Protein chains: 2
Amino acid sequence: MDRLPTRDRLIETAMELFWERSFHATGVDELCARADARKGSFYHFFSSKTDLAVAAVAASWAAARTHVFDLVSQSGPPGLDRLRRLVQCFEEQQTRAVATHHVVLGSPFGGLAQETAHQDERLRRAVQVVFHEQCGVIEGWLDEAVVSGEIPSGSNAQRARNIVALLEGALLMAKVSDEIDVFRSIAVSIDRLTFG
Amino acid sequence: MDRLPTRDRLIETAMELFWERSFHATGVDELCARADARKGSFYHFFSSKTDLAVAAVAASWAAARTHVFDLVSQSGPPGLDRLRRLVQCFEEQQTRAVATHHVVLGSPFGGLAQETAHQDERLRRAVQVVFHEQCGVIEGWLDEAVVSGEIPSGSNAQRARNIVALLEGALLMAKVSDEIDVFRSIAVSIDRLTFG
DNA sequence: GGTTGAATTGACTAATCGGTCAAGATCCGA
DNA sequence: TCGGATCTTGACCGATTAGTCAATTCAACC
């Protein structure tokens with residue numbers, strides 16, 4: 001099993017560190033050390049730390065999209081059950097993180113956005129794309145649920161936005177409480193947002 | 001009108017800067033300059049930047065509690081209408097911030113928590129107290145709504161947690177979109193969370 | 001007036017920050 | 001086998017970081 005090329009290692013390491021330490025708390029030196037790359041290589045591929053972050057957000061979302069959202073879309077029963085499986089995936093991600101870091105880390109995208117979105121336009125847009133596409137996928141699931149009669153018809157686009165917001169809020173509450181259970185107890189109320 | 005004493009000025013400035021720039025992006029020098037205090041004074045009152053942040057969270061919440069939550073509790077009709085007035089206050093806070101900073105800043109507590117809660121236990125607990133007390137106030141409003149028959153009885157503690165999560169999520173989505181309207185469009189779905 | 005402790009000042013440090021650069025290594029097509 | 005492009009290396013830069021500290025000012029009390 002070959003190791004990833006330098007550029008990919010930097011991107012992968014970036015999202016890891018920004019998640020477990022935060023953007024500003026992660027130094028370029030530290031990042032390079034963990035990716036086993038030298039500073040010069042870093043600035044050969046990326047023009048700045050922010051530049052790397054933008055690429056990392058896109059790459060991390062591409063991975064999450066295929067391994068979580070698309071997976072949920074392509075397996076198991078359609079409709080609202082997909083939402084429950086998504087919540088399950090989110091919870092498992094947190095559980096895995098707790099196993100290694102002994103702290104609830106919350107949302108990687110939410111965390112990065114809270115720290116940087118109001119300071120850097122490009123980074124803000126990168127995360128905006130992530131949430132927008134999450135909404136798109138979820139909207140598709142709600143459409144299924146409408147067709148099957150699980151939920152009444154209505155603005156599924158708005159419903160999806162509400163759901164993504166609730167998920168992000170639930171992850172924040174879990175992080176602040178340092179208890180994963182808090183996430184689940186809030187996330188189950190998603191059902192309420194699928195009406196109206 | 002006397003200016004505030006040094007310690008209070010540092011605390012007030014801290015929450016302002018942590019909100020508009022972020023915790024790590026705010027230097028102690030910058031903070032002191034804006035509070036018109038000298039470095040030595042800073043470390044006379046606080047043992048570290050984190051120490052100041054903990055005090056700032058508590059002070060900022062004390063102010064928000066009296067000027068927003070208690071105000072909503074003590075004026076206007078009881079029950080669910082209080083929730084709508086709270087959302088209105090949140091939105092006005094964002095509108096004021098946009099007027100001066102030209103960017104949607106989102107939740108001050110949420111932002112600080114996302115950046116630091118997993119790295120510093122004291123700071124995490126400080127924000128935990130904030131959200132816990134927010135839940136307490138909202139739970140009281142839901143109790144009123146149950147008594148008046150607006151909503152069916154149920155776990156108002158859990159409902160309050162869901163609502164706070166949704167509000168924080170809505171503020172994040174607005175920040176990432178850089179559009180206040182996004183906050184309102186999500187926040188109105190709070191009603192759905194008051195059932196169940 | 002004298003004493004005491006709290007508050008203030010600004011110069012100082014060691015470490016780290018993001019970022020640069022010139023020189024070499026490696027690869028690939030001609 | 002050559003040449004040019006891509007990638008790697010590690011030393012280096014000025015700026016900034018959080019935090020220290022001894023000297024000084026100030027206000028309150030005896």
Side-chain angles (χ1 to χ4, degrees), chain A residues 2-57 59 111-112 115-124 126, chain B residues 2-57 59 111-112 115-124 126:
Chain A
D2 282 342
R3 75 199 309 218
L4 291 169
T6 306
R7 201 187 116 99
D8 295 339
R9 263 180 294 135
L10 284 168
I11 286 181
E12 193 176 59
T13 307
M15 211 57 196
E16 282 173 18
L17 279 173
F18 295 161
W19 191 29
E20 62 185 69
R21 309 215 342 108
S22 95
F23 178 77
H24 284 106
T26 299
V28 175
D29 286 315
E30 178 189 7
L31 206 154
C32 288
R34 188 137 129 188
D36 189 30
R38 255 48 59 193
K39 257 252 204 68
S41 294
F42 182 107
Y43 285 99
H44 170 72
F45 292 110
F46 306 100
S47 64
S48 68
K49 193 170 91 165
T50 300
D51 206 56
L52 168 64
V54 170
V57 166
L112 190 59
E115 193 180 351
T116 66
H118 58 299
Q119 299 267 59
D120 187 279
E121 179 71 7
R122 286 173 57 231
L123 218 26
R124 202 208 94 228
Chain B
D2 283 341
R3 70 189 326 207
L4 290 169
T6 305
R7 202 187 113 100
D8 295 340
R9 262 180 299 144
L10 285 167
I11 286 181
E12 194 176 58
T13 306
M15 211 58 198
E16 283 173 18
L17 279 174
F18 295 161
W19 192 29
E20 63 185 69
R21 310 230 320 118
S22 93
F23 178 77
H24 283 107
T26 300
V28 175
D29 285 316
E30 180 190 7
L31 206 155
C32 287
R34 188 137 129 187
D36 189 31
R38 256 46 61 191
K39 260 268 202 47
S41 294
F42 182 107
Y43 285 98
H44 170 73
F45 291 111
F46 307 100
S47 64
S48 68
K49 194 169 92 164
T50 300
D51 206 57
L52 168 64
V54 170
V57 166
L112 190 58
E115 193 180 351
T116 65
H118 57 301
Q119 298 268 58
D120 187 281
E121 178 72 6
R122 287 171 58 229
L123 219 25
R124 203 208 93 230

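Note that the structure is a prediction, hence the values are computed from the model and not measured. By convention in this document, chain letters (A, B, ...) are assigned in the order of the sequence lines, proteins followed by strands, and residues within each chain are numbered from 1.
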d([atom1], [X]; [atom2], [N]) in whole Å:
X	N	atom1	atom2	answer
A/Gln119	C/dG18	CD	C1'	16 Å
A/Arg7	D/dT8	CZ	C1'	16 Å
B/His24	D/dA18	NE2	C1'	11 Å
B/Arg38	C/dT9	CZ	P	4 Å
A/Leu10	D/dT9	CG	C1'	14 Å
B/Leu17	D/dT17	CG	C1'	16 Å
A/Phe45	C/dG19	CZ	C1'	17 Å
A/Lys49	C/dT16	NZ	C1'	12 Å

Open item on the list: I want to confirm an ordering. Mapping B/Thr6 and A/Val28 to their closest nucleotides on DNA chain C, which one lands closer to the 5' end?
Closed with: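 Result: B/Thr6.
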Open item on the list: Given D/dC7, C/dC17, D/dG19, identify the nucleotide with an atom nearest to the side chain of A/Asp29.
Closed with: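 Of the options given, the side chain of A/Asp29 lies nearest C/dC17.
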Open item on the list: Heavy atoms from C-beta onward define the side chain here; which of D/dG19, C/dG19, C/dT8 lies closest to that of B/Ser41?
Closed with: C/dT8
With a 4.0 Å cut-off on heavy atoms, is [X] in touch with a base, just the backbone sugar-phosphate, or nothing at all?
X	answer
B/Gly27	sugar-phosphate
B/Thr26	sugar-phosphate
A/Phe42	nothing

Open item on the list: Side chains of B/Glu115 and B/His24 only: does a donor on one sit below 3.5 Å from an acceptor on the other?
Closed with: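 Their side chains do contain a donor-acceptor pair, which is all the 3.5 Å distance test asks for.
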Task: Any donor-acceptor N or O pair under 3.5 Å, side chains B/Arg9, B/Thr6 - done: yes
Task: A/Arg34 bridged to A/Glu20 by N-O distance under 4.0 Å - done: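 The answer is yes: the pair qualifies as a salt bridge.
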TODO: Without swapping roles, check the side chain of A/Thr116 against the backbone of A/Gln119 for a donor-acceptor pair under 3.5 Å.
DONE: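 Absent.
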Is there a side-chain contact between [X] and the phosphate of [N], meaning an N or O under 4.0 Å from OP1 or OP2?
X	N	answer
A/His44	D/dT8	no
B/Lys39	C/dG10	no
A/Tyr43	C/dT20	no

TODO: For B/Glu30 and B/Arg21, run salt bridge (Lys or Arg N to Asp or Glu O under 4.0 Å): C-alpha distance rounded to whole Å, both residues' side-chain angles, the deciding distance at 0.1 Å, then the answer.
DONE: CA-CA 11 Å; B/Glu30 180 190 7; B/Arg21 310 230 320 118; 2.8 Å; yes
